[in-house]
Amino acid sequence: MKKTIQNIEIEVFQGDIANLPNVEAVVNAANAQLTTGGGVAGAIHRAAGPKLYEECKPLAPIAPGEAVITVAYNLPNKYVIHSLGPVYGKDKPENKLLENCYKNVLKRAEEKKVKSVAFPAISTGAFGYPIKEATKISFNTILAEIPKLKHLQKLKFVLFSEADLEIYETMLAEM
Ligand code: AR6
């Protein structure tokens, strides 16, 4: 499903963040040490190859809400933007920290003049953020940031499960 808001195309679809050939930068739902792990981080590091971690190592650790950018090695993209989401119920205030993830990813992308970026649902897997709350935060943050974007033209949201996709589609339709 796609929608255009102030000339920015917003798309939500089901897929694997580590296999998206038509997007310039993909977002990693990282851990603080920027190592591989489960979920998105595992898929991204596996597909990118070991050089990704070599580039990440000196950039770590990062704090919740921060984002750093690297190249993408064997992934079909130009960049990976690594952001650490809040652990739900532990890192406070979790809504602000999650908002910072989306803001800082957009900042890193704009600094490199990136035209398209794909986000996973940061913090909603191992970190336990309820998907509906997290979706609201991601869309509200993106909406507020759209007027500041100079290079980005496409924002994509990749959901792993059908159920998460439905939540994103419903909220995008209401936007
Ligand atoms: N493509 C798209 N979405 C995915 C994929 C994939 N390949 N795999 C999982 N998801 P998570 P977090 C969805 O756990 O909650 C890692 O071990 C998943 O269903 O990857 O921010 C790191 O090393 C969920 O909706 O990220 C960290 O320690 C969403 O992506 C920690 O987990 C995020 O799930 C980060 O936890």
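We count ligands from 1, going down the list as the structure has it; atoms in each ligand are counted the same way. The structure presented is a predicted model; accordingly, all values stated were derived computationally and were not measured.
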With the threshold set at 4.0 Å, does a side-chain nitrogen-carboxylate oxygen contact exist between Lys96 and Glu99? yes
Ionic contact status for Lys156 with Glu11, cut-off 4.0 Å: yes
Whether His45 and His82 hold their rings parallel, tilted or perpendicular, with breakpoints at 30° and 60°: tilted
Tyr102: which residues meet the ring-ring contact (aromatic ring centres under 6.0 Å, His included) condition with it, sequence neighbours left out? Phe119
Can you pull every nitrogen or oxygen pair between ligand 1 and the protein closer than 3.5 angstrom?
| from | atom 1 | to | atom 2 | distance (Å) |
| --- | --- | --- | --- | --- |
| ligand 1 | 1 (N) | Ile17 | N | 2.9 |
| ligand 1 | 7 (N) | Asp16 | OD1 | 2.8 |
| ligand 1 | 14 (O) | Ala126 | N | 2.8 |
| ligand 1 | 15 (O) | Ser123 | O | 3.4 |
| ligand 1 | 15 (O) | Thr124 | N | 3.4 |
| ligand 1 | 15 (O) | Gly125 | N | 2.8 |
| ligand 1 | 15 (O) | Ala126 | N | 3.2 |
| ligand 1 | 15 (O) | Phe127 | N | 3.1 |
| ligand 1 | 17 (O) | Gly38 | N | 2.8 |
| ligand 1 | 20 (O) | Val40 | N | 2.8 |
| ligand 1 | 21 (O) | Ser123 | N | 2.8 |
| ligand 1 | 23 (O) | Asn31 | ND2 | 2.8 |
| ligand 1 | 25 (O) | Thr124 | OG1 | 2.8 |
| ligand 1 | 34 (O) | Gly125 | N | 3.4 |

Is it true that Lys57 and Glu54 have a side-chain N and a carboxylate O under 4.0 angstrom from each other? yes
Side chains of Glu94 and Lys92, heavy atoms from C-beta outward: is any pair under 4.5 Å? yes
